[in-house]
Amino acid sequence: MSVIKQMDELLANKIAAGEVVERCASVVKELVENSIDALAKEIKIILKDAGTKEIKVIDDGIGMDKDDAVMAFNRHATSKIITEDDLYNINTLGFRGEALASIASVSEVTLKTCQEKQGTLVKINGGKLLSVENSDGRIGTEVTVANLFYNTPARLKHLKSLYTELASITDYVNKIALSHPEIRFTLINNDSILLKTDGSNNLLKTIKAIYGTDVAKKMLEIEANDEDYKISGFISLPEIHRSNRNGIVTLVNSRVVRNSELNKAINDSYHSYKPDTRYPIVVINIELDPSLVDVNIHPTKMDIKFSKLEELISLISTTIKERIKNINLIPHIEEKYEINDEIISNNIIDLTPLKEEYQEQTLVFDLPKKETIKEENKEYIKEEETTFDEIKEEETEYLEKKFPELSIVGVVNGTYIVCQNEEGMYLIDQHAAKERVNYEFYLKKLGEPNLEVTPMLFPLTLEYPVNEYIVIREHFDTLTDIGFNIEEFGINSVIIKAHPTWLPKGYENDAIKHILEAIVTFENKFSIEKFNESVATMMSCKLAIKANQYVSTEELEKLILDLKNCDNPFNCPHGRPTIVFHSNYDLEKMFKRSGF
Ligand code: ZN
Ligand code: ZN
């Protein structure tokens with residue numbers, strides 16, 4: 001090859017590096033996926049300073065012979081150019097070939113690999129081959145990428161804080177571990193272990209390794225299928241939720257993909273079981289015929305389009321809703337070491353003001369649970385080790401329990417009803433409980449076709465800005481269907497002459513304004529289901545008993561009975577808990593009674 005041609009090649013690699021290698025996580029991704037392609041059973045990722053100093057990936061895969069080892073860094077030498085079909089049919093991860101050459105052009109790379117007895121050691125600096133030597137015979141491959149972007153200072157500046165780099169690597173490794181529970185992954189940064197999975201092909205164990213035992217105990221297994229799709233995986237109980245979406249992982253044929261509509265559908269399935277702005281932990285694998293997806297292959301992400309998306313969404317939401325519907329969802333308040341991952345992840349978010357495009361990739365950051373525990377309480381680790389086998393048993397317990405029989409003991413601060421049964425003490429938030437009861441009442445009313453209508457003695461006229469008026473005008477039918485008599489009234493105004501009888505007495509005018517506002521907020525994304533939910537939520541709060549309001553014991557008994565009869569008695573329509581539980585055991589523990 002002529003010198004000029006070589007220069008061209010180097011330049012091309014450097015340019016390509018700018019596109020393919022954006023940050024440390026892109027290097028980790030490339031190396032790990034090579035290891036997976038090499039059929040590794042174990043992959044170790046060892047970082048120095050979040051990968052900015054060094055990234056080492058060691059696998060026990062099939063390794064390369066000497067020729068392949070040298071060729072691996074040649075930009076056009078790839079044997080793995082892939083079509084979309086291949087992507088799902090063969091077991092390889094895509095966007096190969098150029099990436100390794102690009103990485104080598106902007107760093108110092110050492111490759112040690114061995115296929116049979118004789119190993120090879122290749123050293124490359126800034127894309128220039130320094131040496132090819134023989135090395136020892138450990139089967140597998142070890143790639144070390146040091147000083148990333150050392151020769152491209154402009155890109156070096158683009159690397160974010162160590163925290164951010166580490167967060168995005170952790171996010172990637174967590175997800176790849178979830179998609180390959182059969183591979184043993186170890187992620188180490190500056191000698192501390194951030195993740196270690198056991199490769200036992202047990203997804204729940206991988207979830208435990210990432211999120212800790214407390215979360216793993218509160219995961220529910222799901223499985224369902226229809227003609228086109230088969231879904232399986234784990235979803236968290238609604239009480240487990242986080243401030244960002246990164247706990248929602250969707251796999252297609254065991255590969256991590258991204259589809260925002262799917263993520264939204266998963267989150268929506270928890271509607272009113274948890275606050276809408278908090279997100280569950282969900283790992284769902286979707287098995288399908290490759291012809292049903294359209295993949296946009298880009299080196300840094302895997303966006304996917306489903307040709308029968310509606311069908312898939314409905315399968316997923318029905319499955320999740322059914323799974324959480326009949327479970328006892330009373331949060332169990334235990335007196336023990338709580339690892340507040342809230343604080344951890346919020347801190348991290350504050351620390352990393354990120355560019356929009358990175359947000360989804362980087363916000364997840366699961367600090368090593370074990371490490372955190374180690375400092376606080378060593379005994380707890382022992383407990384953690386033993387409880388894993390019990391996960392399954394406890395899960396079935398959830399299934400059998402329903403809303404408990406309770407007797408009222410009293411009321412604290414005119415707000416919390418104290419109740420008991422043979423298992424322990426329950427606290428019910430009277431406002432939240434009444435909200436839930438009202439919510440289901442109004443939701444039912446809104447869905448009923450034959451509604452009683454009350455003519456208004458003084459018709460109500462309301463004026464709106466023209467854009468809002470247009471939206472309301474478009475939905476006159478919706479309003480008529482639920483029992484309103486509404487007409488145009490001059491410019492940008494409407495007149496309401498009758499309303500459904502079930503509007504809260506004394507709050508009729510307010511309620512009408514709220515309902516029209518709800519229509520305006522939806523604009524062109526109007527759906528009757530969402531509209532009904534939002535109207536019911538609004539009215540439920542208006543009519544609920546306030547905190548600090550005296551309520552007679554008879555009324556409280558009626559309230560608890562009504563709550564018990566709700567479809568979801570465990571949350572108010574805003575997703576907050578209506579009831580919490582302290583077991584007798586916890587109470588005894590709290591007072592250091594026998595055995596503690
Ligand atoms: Zn409220
Ligand atoms: Zn509420």
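The chain is numbered in sequence order, starting from 1. Basis for what follows: all heavy atoms, side chains included, without hydrogens, waters or symmetry-related copies. Not measured: the values here are computed from a predicted model. Counting convention: from 1, in listed order, for ligands and their atoms alike.
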Rounded to the nearest 10°, what angle sits at the Zn ion (ligand 1) between NE2 of H431 and SG of C541? 110°
In H574, what N, O or S atom is nearest to the Zn ion (ligand 2), if we give its atom name? ND1
In E435, what N, O or S atom is nearest to the Zn ion (ligand 2), if we give its atom name? OE1
dist F489:CZ -> L462:CG (nearest 0.5 Å) comes out at 11.0 Å
Side chain S493, main chain I491, donor-acceptor under 3.5 Å: yes
Under 3.5 Å, is there a donor-acceptor pair between the side chain of R436 and the main chain of N571? yes
Counting only heavy atoms not in K530, do more than 12 fall under 6.0 Å of its NZ? no
